[in-house]
Amino acid sequence: MSALPQNYMVIEPMQLSDLRSVSVTEEQIYDFPWTLGNFADSLSSGNSMWVMRDARGELLAYAVMLLVLDEAHLLNLGVVKTRQRHGYGANLLMHLFEIAKNSGAIRMFLEVRPSNEAGRALYRKFGFNQIGRRPGYYPAHDGREDALILACDI
Ligand SMILES: CC(C)(COP(=O)(O)OP(=O)(O)OC[C@H]1O[C@@H](n2cnc3c(N)ncnc32)[C@H](O)[C@@H]1OP(=O)(O)O)[C@@H](O)C(=O)NCCC(=O)NCCS
């Protein structure tokens, strides 16, 4: 029997049974996380939701995308804290581009906090550009924080 390579990963549609591990991770990586109920609502509304797992079936990353006509909106992308900076976020984002393209989307949009340097660097690397700003969009520890609106042609 051959062992799976150390960097083995699989991307699968998110299921109800994933929600607990996804929301535990969400709480570890965001100061203002989605609740388990937010993920459940998103799943039942038919969003494009994905999990990435390692060879042991452990969660590595997850993503939520809304597909409407020729637009894709990336609503959430998270990588397990201890597994960050190993290319999983980039890999999952590439998968989302593929799914979006196959569904007929020609542009992907997302919102990101100006303070989120890791997120902004990832999206810059993929060619996202800032197309707008929503003042006070996010809760923050000292009040509110703007959202940068980014877009990328697919
Ligand atoms: C943002 C996030 C999804 C990136 O996932 P990741 O798997 O750690 O990132 P990757 O290893 O795929 O990195 C891809 C590129 O993104 C950029 N990047 C990722 N993390 C970075 C960091 N901490 N600092 C600077 N650049 C970073 C780099 O350009 C990197 O390429 P490089 O490694 O060749 O330099 C992850 O940090 C995360 O889950 N953060 C918390 C949740 C979050 O903020 N999500 C985005 C919300 S909009």
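As the structure lists them, so they are numbered: ligands from 1, and atoms in each ligand from 1.
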Checklist entry - Is a side-chain donor-acceptor pair under 3.5 Å present for Asn76 with Glu26? => result yes

Item to check | Check against side chain to side chain contact (heavy atoms under 4.5 Å, CB included), Val22 and Thr25 | outcome: CA-CA 5 Å; Val22 165; Thr25 296; 5.9 Å; no

Checklist entry - Distance from Asp18 atom CG to Arg53 atom CZ, nearest 0.5 Å? => result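 It is 4.5 Å, given to the nearest 0.5 Å.
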
Next on the checklist: Taking non-hydrogen atoms within less than 4.0 Å of ligand 1, which protein residues qualify?
Outcome noted: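 Those residues closer than 4.0 Å to ligand 1 by some heavy atom are Ile29, Tyr30, Leu77, Gly78, Val79, Gln84, Arg85, His86, Gly87, Tyr88, Gly89, Ala90, Glu111, Val112, Asn116, Ala118, Gly119, Ala121, Leu122, Tyr123, Lys125.
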
Next on the checklist: Please verify the inter-ring angle class for Phe128 with Tyr123; under 30° counts as parallel, over 60° as perpendicular, anything in between as tilted.
Outcome noted: perpendicular

Item to check | Flag side-chain contact, heavy atom, 4.5 Å: Val79 against Ile29 | outcome: no

Item to check | Residues that Phe109 engages under ring pair (Phe, Tyr, Trp, His ring centres under 6.0 Å), provided they are two or more places apart | outcome: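 Phe109 satisfies ring pair (Phe, Tyr, Trp, His ring centres under 6.0 Å) with His73 only.
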
